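First up is the structure itself, then whatever we jot down about it.
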Amino acid sequence: MDLIQSYHLDILKEAANIGAGNAATSLSKLTKEEIEMNVPEAVVMPFRDIPNHIGGAEKVMASVFFRLTGEAKGNMFFMLPEQEARAFIFDLTGTYVERITDIQHDPLAVSSLQEVGNILAGSYLTNLSEFLHVRIQHSVPSLAIDMAGAILEHGLLEWSEVGEYAWS
């Protein structure tokens with residue numbers, strides 16, 4: 001943790017801002033609607049604090065998960081609370097999903113969320129790679145619908161052997 005300085009976070013925040021801007025433009029074209037974006041934050045925190053940072057360990061979320069390979073290895077999550085996930089599906093497909101758990105039984109809904117995650121991850125990682133001059137690839141997206149704590153535990157467990165912190 002001592003190796004991370006404020007200027008490192010500023011670099012990550014700038015890369016995130018550029019990537020998120022490009023992703024918002026892509027999503028705007030896809031949905032034919034204006035996409036509002038907040039300036040991303042870059043924080044490093046202990047794994048145990050992440051669930052509270054995103055709304056609580058028991059909050060049910062839709063999550064698109066990616067493994068990162070190349071010169072920067074890790075895992076990446078695109079997580080949406082229930083209401084936002086349902087709204088995204090409606091905007092992309094015109095399909096109303098009553099409960100978040102219904103998403104996993106609708107192939108078009110699953111595909112839509114995975115593609116949104118893929119667009120966001122691709123835009124973000126492309127900019128991060130260029131900004132840091134490192135090669136980063138991501139896996140095919142996989143969707144999970146569960147409590148935030150369970151989703152994060154699955155994706156962070158292997159990394160807990162080599163560190164205690166994550167970047168959000």
Side-chain angles (χ1 to χ4, degrees), residues 1 4 9 12-13 15-16 19-20 23-24 26-27 30-31 35-93 95-126 128 136-168:
M1 179 68 173
I4 301 290
L9 292 176
L12 294 173
K13 185 177 178 180
S26 296
L27 286 175
L30 185 66
T31 61
I35 301 293
E36 292 183 30
M37 181 186 94
N38 294 326
V39 176
E41 64 178 334
V43 288
V44 175
M45 67 183 71
F47 289 161
R48 69 179 177 278
D49 293 346
I50 296 172
N52 289 333
H53 182 71
I54 62 169
E58 295 183 6
K59 186 172 189 169
V60 176
M61 308 277 272
S63 174
V64 182
F65 174 78
F66 302 92
R67 291 209 184 276
L68 306 181
T69 58
E71 295 175 74
K73 294 174 180 31
N75 294 332
M76 182 176 187
F77 300 89
F78 169 59
M79 299 182 79
L80 290 170
E82 177 174 12
Q83 195 66 23
E84 290 178 31
R86 291 171 51 223
F88 255 124
I89 290 167
F90 184 78
D91 288 346
L92 292 169
T93 68
T95 302
Y96 174 75
V97 178
E98 188 170 333
R99 293 182 313 263
I100 194 168
T101 52
D102 294 340
I103 293 170
Q104 51 202 350
H105 304 294
D106 183 336
L108 184 58
V110 169
S111 178
S112 296
L113 285 179
Q114 287 175 324
E115 190 54 32
V116 166
N118 206 29
I119 290 168
L120 293 171
S123 293
Y124 176 74
L125 291 172
T126 295
L128 186 62
I136 307 171
Q137 294 88 33
H138 64 82
S139 67
V140 172
S142 61
L143 179 71
I145 297 173
D146 205 335
M147 291 185 294
I151 291 169
L152 290 167
E153 183 177 313
H154 170 77
L156 297 175
L157 186 62
E158 69 184 281
W159 293 100
S160 66
E161 295 177 16
V162 295
E164 301 174 21
Y165 296 91
W167 158 39
S168 170

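Remember, predicted model here, so these are calculated numbers, not experimental data. Residue numbers count from 1 along this sequence.
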Once you round to the nearest 0.5 Å, how far does [atom1] of [X] lie from [atom2] of [Y]?
X      : Y      : atom1 : atom2 : answer
Leu108 : Leu113 : CG    : CG    : 10.0 Å
Ile151 : Met79  : CD1   : CE    : 4.0 Å
Glu153 : Arg48  : CD    : CZ    : 15.0 Å
Ile119 : Gln114 : CD1   : CD    : 12.0 Å
Glu115 : Leu92  : CD    : CG    : 9.5 Å
Ile100 : Ile89  : CD1   : CD1   : 8.0 Å

Inter- and intrachain pairs under salt bridge (Lys or Arg N to Asp or Glu O under 4.0 Å), touching residues 101-113, at least two apart: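 Salt bridge (Lys or Arg N to Asp or Glu O under 4.0 Å) check on residues 101-113 returns Arg99-Asp102.
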Any Val64 side-chain heavy atom under 4.5 Å of Leu120 side chain: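 With C-beta onward as the side chain, the pair stays apart.
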Non-hydrogen side-chain atoms of Lys73 and Leu68 separated by less than 4.5 Å: no
Side chain to side chain donor-acceptor pair (under 3.5 Å) pairs, two or more places apart, involving residues 79-88: Gln83-Arg86, Arg86-Tyr96
Listed once per pair and sorted, the side chain to side chain donor-acceptor pair (under 3.5 Å) pairs that draw on residues 139-150, sequence neighbours left out: none
Which atom names give the shortest non-hydrogen contact between [X] and [Y], and what distance separates them?
X      : Y      : result
Gly70  : Gln137 : CA-OE1, 3.6 Å
Ala85  : Ala62  : CB-CB, 3.8 Å
Met61  : Pro81  : SD-CA, 3.6 Å
Gly56  : Ala148 : O-CB, 3.6 Å
Ile103 : Ile145 : CB-CD1, 3.5 Å

Contacts of type side chain to side chain donor-acceptor pair (under 3.5 Å), residue Glu98, not counting sequence neighbours: none
With sequence neighbours excluded, residues passing side chain to side chain donor-acceptor pair (under 3.5 Å) with Thr95: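 Partners of Thr95 under the side chain to side chain donor-acceptor pair (under 3.5 Å) test: Thr93.
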Of all pairs that satisfy ring pair (Phe, Tyr, Trp, His ring centres under 6.0 Å), the ones with a partner from residues 66-93, not counting sequence neighbours: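 Listed once each, the pairs are Phe65-Phe77, Phe66-His138.
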Verdict with reasoning, Val116 to Leu80, per side-chain contact (heavy atoms from CB on, under 4.5 Å): CA-CA 11 Å; Val116 166; Leu80 290 170; 5.6 Å; no
